[in-house]
2 protein chains.
Amino acid sequence: MSETRWLDDDEQRSWRTFLWASQLLHESLDRQLQRDSGMPHTYYMILAMLSEAPGRSMTMTELARRVRSSASRLSHAVSKLETLGWVCRGKRPGDARTTVATLTDEGFAALAEAAPGHVEEVRRVLFDRLTPEQAEQLRDIFEVVLANLNSTDGC
Amino acid sequence: MSETRWLDDDEQRSWRTFLWASQLLHESLDRQLQRDSGMPHTYYMILAMLSEAPGRSMTMTELARRVRSSASRLSHAVSKLETLGWVCRGKRPGDARTTVATLTDEGFAALAEAAPGHVEEVRRVLFDRLTPEQAEQLRDIFEVVLANLNSTDGC
DNA sequence: CCTGTTTACTTGAGCGCTCAAATGAAGCCG
DNA sequence: CGGCTTCATTTGAGCGCTCAAGTAAACAGG
């Protein structure tokens with residue numbers, strides 16, 4: 001057992017500021033999408049990732065990797081998206097294990113309608129307040145964080 | 001209706017990187033606390049804020065403001081924390097409206113036990129990967145974001 | 001006073017998420 | 001081939017959160 005390396009005052013301040021801000025930021029995004037387009041942010045991202053894939057289709061596993069989601073979360077989400085008629089599930093012939101999720105035309109339309117308002121909100125809560133240098137710093141910081149989390153969580 | 005100002009490639013990259021990273025970061029924190037101390041991160045923060053208050057007590061409204069929570073979320077959370085025996089509710093004599101939440105000794109003990117592991121996790125996912133300059137940039141960025149969200153959400 | 005408004009907080013329904021367990025197909029090996 | 005492991009995905013229980021509605025005390029103006 002080693003001594004706990006507590007956060008000093010500067011770190012404490014950085015930490016809580018980031019924590020509160022990112023929490024409020026996520027909530028703002030979620031609220032805007034829910035209010036204006038009737039979907040949570042997670043679902044928006046699933047639709048967005050599918051829309052960028054060839055044939056608007058992706059394996060469940062691949063899709064989960066893309067949206068940084070657990071298999072379980074994605075499965076529940078796609079079930080809901082299926083009942084909304086925005087996504088449909090299919091099987092690949094010759095492979096009974098993998099399921100392929102495909103964005104329907106209705107799903108694409110819902111995404112297209114939600115996108116402008118969502119982008120506005122992203123600007124409002126983040127980019128409109130940041131200098132270009134800060135946007136760059138932001139990316140540099142979280143690329144490191146992301147790389148770390150991607151590697152260590154699989155252990 | 002104005003044209004949508006879409007995100008350019010740099011912004012898109014910054015945005016998604018931040019989004020995925022902060023999401024995974026929150027999940028990591030939550031998982032660690034849930035696993036090692038049986039509480040979600042939100043509850044940890046409530047306990048932490050109470051522990052720093054004079055008399056380990058705070059009004060529900062003030063506590064909600066401190067943890068950036070809705071009144072509803074806080075009320076539900078404090079109800080749960082009460083059943084765990086970590087917090088208790090009380091009334092101020094001469095004021096029948098305001099409820100005062102107080103951290104119990106058991107609550108303080110639970111917090112004290114959870115703290116070292118939590119701080120380790122914060123270091124592991126964030127500060128150990130950042131230079132001191134980056135920690136400063138992080139604070140500068142999110143102070144702006146936070147100020148913006150605090151002011152605009154009340155409208 | 002009485003009435004309408006604001007303040008402080010609670011409640012309940014519904015939903016998305018987590019975790020653990022289950023299903024069932026594929027691949028591997030003696 | 002038969003059994004073991006791994007892989008891809010689903011399922012169900014339980015929980016925290018949101019939103020809308022409800023309660024009830026304090027206050028403000030006629």
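Each chain gets a letter, A, B and so on, in the order its sequence line appears, and its residues count up from 1. Computed from a predicted model, the values in this text were never measured in an experiment.
- When distances run from any side-chain atom of B:Thr99 to the nucleotides D:dT9, C:dT10, D:dC17, the shortest one goes to C:dT10.
- Near DNA chain D, meaning a heavy atom under 4.0 Å away, the residues from residues 67-93 of chain A are A:Ala71, A:Ser72, A:Ser75, A:His76, A:Arg89.
- Ring-plane geometry between A:His26 and B:His26 is classed as perpendicular, the angle between the planes exceeding 60 degrees on a 0 to 90 degree scale with a lower cut at 30.
- Atom CZ of A:Arg31 is separated from atom C1' of D:dC17 by 11 Å (rounded to the nearest Å).
- Rounding to whole angstrom units, CD of residue B:Glu62 and P of C:dC9 are separated by 10 Å.
- Between B:His26 atom NE2 and D:dG16 atom P there is a gap of 18 Å when expressed in whole angstrom units.
- Below the 3.5 angstrom threshold, one finds a donor paired with an acceptor across the side chain of B:Arg97 and the base of C:dT7.
- Between B:Leu33 atom CG and D:dG16 atom P there is a gap of 13 Å when expressed in whole angstrom units.
- Following rounding to the nearest Å, B:His41 (NE2) and C:dT18 (P) show an atom-to-atom distance of 16 Å.
- For the pair A:Asp95 CG and C:dG24 P, the interatomic distance rounds to 16 Å; values are reported in whole Å.
- Looking at heavy atoms from C-beta onward, A:Met60 lies out of side-chain contact with A:Val100 at the 4.5 angstrom threshold.
- Ion pairing between a basic and an acidic side chain is recognised when a charged N comes within 4.0 Å of a carboxylate O; B:Arg123 and B:Glu120 show no such pairing.
- Residue whose closest nucleotide on DNA chain C sits further toward the 5' end, between A:Gln34 and B:Gln34: A:Gln34.
- Comparing atom distances between the B:Met60 side chain and each of C:dG16, D:dC17, C:dT10 picks out C:dT10 as nearest.
- The six-membered or imidazole ring of B:Phe142 lies near that of B:Phe18, with a centre-to-centre distance under 6.0 Å.
- Here A:Glu52 pairs with B:Arg16 in a salt bridge; the nearest charged N to carboxylate O distance falls below 4.0 Å.
- As rounded to whole Å, 13 Å separates atom P of D:dC17 from atom CG of A:Asp30.
- Closest contact between the side chain of A:Thr61 and the listed nucleotides D:dC17, D:dT9, D:dC19 involves D:dT9.
- Between B:Trp15 and A:Phe127, the ring planes lie perpendicular to each other; the angle is over 60°, past the 30° to 60° tilted range.
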**Prompt:** Should B:Arg56 and B:Glu106 be marked as a salt bridge (Lys or Arg N to Asp or Glu O under 4.0 Å) after you check the CA-CA gap, both sets of side-chain angles, and the distance that decides it?
**Reply:** CA-CA 12 Å; B:Arg56 290 178 189 167; B:Glu106 294 78 35; over 6 Å; no
